[in-house]
Structure formats: structure tokens, C-alpha cells
Amino acid sequence: MTVNGLIPADSMGLALIHEHVFLDWSGADRINPQEWDNEKAFGIILPYLQEMKAQGVRTFLECTPNYIGRNPLLLKRLSDSTGLQILTNTGFYGARNNAHLPQHAYNENAQELAKRWIKEWKNGVDGTNIRPGFIKIGVEIPLSSLHEKLVRAAAITHKKTGLTIVAHTGPEAGAYRELEILEEEGVASEALVWTHAQEGTRESHVDIARKGAWVSLDGMGWIHPSDYEGDSTYLKDYILMLKNLKDNSLLHRTLISHDAGWYTHGAKETQNYKPYTTIFELIIPELKKIGFTESDIRQLLVENPKQAYAIQVRKHRN
Ligand SMILES: [Zn+2]
């Protein structure tokens with residue numbers, strides 16, 4: 001489900017599964033979309049998306065949740081202007097110390113929160129008819145009862161909508177807890193994208209991928225170009241993580257992206273915008289040096305996104 005409506009999963013093509021174009025860090029109590037300068041943002045974002053498209057990208061997932069700058073009309077305009085297929089999301093982000101959670105996230109139970117998200121799936125988000133293409137939540141480790149409620153609400157929403165759950169998580173302890181909650185709710189591991197899995201161990205990547213969840217190595221936009229020349233453990237780490245997954249025949253459960261971008265509302269004139277090109281300029285050449293084939297790359301950037309984000313209820317089987 002893109003900001004321009006439903007497409008066959010087959011037509012996603014080359015996809016970047018975790019990127020951002022617009023953010024507002026003001027916090028849920030202060031954020032005000034009326035203040036956003038969408039015209040200015042559009043001008044700054046557009047060339048980066050054109051550069052992304054020139055790398056062959058056809059689709060990307062904009063992972064900015066509600067109350068941090070989810071901006072569906074801007075996404076639609078960017079999609080119309082570039083021809084890129086863009087997905088937005090429903091859900092709440094509890095990480096960053098709950099600064100981006102509205103009051104009702106505290107007051108309501110998981111069913112009630114899910115009801116809000118399911119309503120967005122049916123009717124559109126933020127007063128538009130633009131529908132979400134996935135569920136995005138954010139948690140911190142160890143999961144508080146509030147954050148466990150977000151996971152449960154995501155599971156309930158998944159069962160009603162078939163939308164995949166993209167859970168900002170970090171280290172593996174969070175992913176294990178998420179999988180337990182999904183199982184309690186009767187949702188299969190395949191519905192979960194373990195987001196920011198690069199903060200987890202290589203052993204846990206293998207273990208969680210074997211359970212069926214998606215292992216999302218998605219911070220590649222934050223590798224500094226200078227690291228490429230020198231002794232970057234960061235670039236090397238990504239390569240070793242991917243090699244480990246390939247050696248364990250788990251590339252079919254692996255996702256990659258940049259977590260790059262973005263225009264920040266309220267920032268000074270110089271926006272520290274990270275391009276969406278590191279995968280093409282740094283990662284793929286390194287992977288090819290260690291024996292990754294064209295088919296492996298296609299698996300990561302075309303086949304897996306199609307499998308991971310196709311709208312489909314994934315039920316847990318006992
Ligand atoms: Zn992100």
C-alpha cells in the first residue's frame with residue numbers, strides 16, 4: 001500500500017525498506033504540522049530522492065511515525081514528482097523516552113490503540129485518504145509495560161490488516177520479547193521486522209532469522225565515507241553481519257537499508273542530510289569482493305522487500 005494506493009507486491013522492484021525524508025523532534029505535546037514549511041522541505045528533499053532513483057530504486061518505506069513528522073501529503077507530492085513508490089505507516093514510537101507518545105498511548109489499552117491504527121488503515125492518516133503500508137512502532141530495552149502494549153497493539157492491528165510490523169528495537173533482547181508477545185497474540189514471527197538489528201549480535205541474527213523474523217540491518221547511511229578508506233569497523237561490521245547470514249543460508253530473512261535522510265523541521269539552514277546511496281557505492285562493491293552474487297543482491301533489495309511487506313496476515317501455528 002503506497003501513498004498513491006495499492007500496488008502488486010511484484011511491482012515494488014528495488015526497494016529501500018527504512019528511510020526518512022521529514023522529521024520533527026518537537027515531541028508529541030508540542031508538535032504542530034501547521035508550522036511545517038513543506039515547500040522548503042520539498043525543495044531540499046527532492047534532489048536526494050532523484051539521486052536515489054538514479055540508483056535504480058523504485059520503492060522506499062518512509063519510516064517516520066505519527067507525532068515525529070509523518071507527513072503524508074508531502075510524501076505524495078514527492079512520489080508524484082519523482083515516480084518513486086513511497087509507503088507511510090501507522091503506529092506509535094515509544095523510543096526516545098516516550099517523547100513522541102500522545103496522552104492516549106498511556107490511557108488506552110492495546111485493543112483501543114489498535115482500533116486507532118486499524119481506522120487509519122481503513123480511512124487514511126492525518127485527515128487524508130492516504131493509507132499506511134506498514135505498522136511502525138518503537139520500543140526501548142527492557143520493554144516497559146507501556147512498550148509491551150505497543151507491541152501487542154501492533155500484533156492486534158496486524159491480524160486485522162495484514163500490515164507488517166516494523167519495530168524499532170536495537171539489541172536482540174527486545175526482539176525476543178517482541179516475538180513472545182506476537183506468539184501470545186497468535187501472530188507469526190514472519191510479521192516482524194527486527195529493526196536496527198545491527199545493534200544485536202551475529203549469533204542472535206542467525207537465531208532470530210531461523211525463527212522466521214526479518215533481520216533488518218538498516219543504518220547504512222550512517223557509515224562515514226572516510227571509513228571506507230581507513231579501518232572502519234562499522235562498514236566492516238555490516239559486511240561481516242551479511243557474510244554471516246549468507247554463510248548460514250539466511251539471506252532470505254535479511255533486509256538492508258540506510259535509515260538516511262532527512263529534512264528536520266526547525267533545524268538551521270544547513271540540513272545535515274544523508275544521501276540514500278551508501279548501499280550502492282560502498283556496500284554492494286564490498287559484498288561482491290567476498291563472493292556475493294547478483295542474485296544475492298537481488299534477494300536483499302528486491303525479493304525480500306516484496307516478501308516482507310506484502311499485505312498478508314501471518315498467523316502463528318502451534
Ligand atoms: Zn529510522
Side-chain angles (χ1 to χ4, degrees), residues 3 15-28 31 41 44-45 48-49 52 57 59-72 74-75 78 84 86-101 125 132-141 147 150-151 154 163-172 174-175 178 192-200 213-224 234 237-238 241 254-267 271-279 283 300-301 304-305 308-309:
V3 295
L16 293 175
I17 54 87
H18 191 119
E19 308 295 345
H20 299 272
V21 304
F22 185 95
L23 276 161
D24 181 344
W25 298 112
S26 307
I31 197 163
I44 289 175
I45 297 161
Y48 290 98
L49 294 191
M52 179 205 279
V57 175
T59 304
F60 77 95
L61 278 67
E62 214 280 351
C63 288
T64 308
N66 198 1
Y67 302 102
I68 320 188
R70 183 179 64 180
N71 193 337
L74 178 65
L75 297 184
L78 287 163
L84 284 163
I86 307 177
L87 281 67
T88 188
N89 64 87
T90 187
F92 291 156
Y93 186 85
R96 300 189 86 244
N97 224 355
N98 304 319
H100 307 284
L101 287 182
V125 302
F134 59 104
I135 302 160
K136 170 79 189 282
I137 56 170
V139 302
E140 275 160 343
I141 299 166
H147 291 181
L150 297 179
V151 178
L163 294 177
T164 298
I165 302 165
V166 175
H168 165 112
T169 304
E172 63 270 16
E178 286 162 358
L192 180 73
V193 176
W194 171 21
T195 300
H196 309 325
Q198 64 270 18
E199 294 171 31
W214 295 96
V215 176
S216 181
L217 307 173
D218 49 29
M220 293 174 177
W222 294 79
I223 298 169
H224 293 287
Y234 212 28
D237 279 347
Y238 273 116
M241 288 186 262
T254 307
L255 298 164
I256 60 173
S257 207
H258 297 106
D259 202 6
W262 49 73
Y263 174 92
T264 307
H265 169 72
Q271 295 272 345
N272 186 24
Y273 207 113
K274 296 194 189 313
Y276 311 97
T277 51
T278 310
I279 285 175
I283 298 286
L300 292 170
L301 290 170
N304 292 349
Y309 300 97

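On a predicted model such as this, the values are computed, not experimentally measured, just so you know. Each ligand, and each atom within it, is numbered from 1 in the order the structure gives.
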Between [X] and [Y] (side chain of the first, backbone of the second, donor and acceptor by atom type, cut-off under 3.5 Å), is there such a pair?
{"X": "W194", "Y": "T169", "answer": "no"}
{"X": "E140", "Y": "A95", "answer": "no"}
{"X": "E19", "Y": "H258", "answer": "yes"}
{"X": "E178", "Y": "V151", "answer": "no"}
{"X": "Y238", "Y": "G219", "answer": "yes"}

Original post:
What is the number of protein N/O/S atoms located under 2.8 Å from the Zn ion (ligand 1)?
Top reply: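 For the Zn ion (ligand 1), the figure is 3.
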Subject >> With Y273, the ring pair (Phe, Tyr, Trp, His ring centres under 6.0 Å) member among W262, Y48, Y263 >> reply: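 It is Y48, the one option of W262, Y48, Y263 that forms the ring pair (Phe, Tyr, Trp, His ring centres under 6.0 Å) with Y273.
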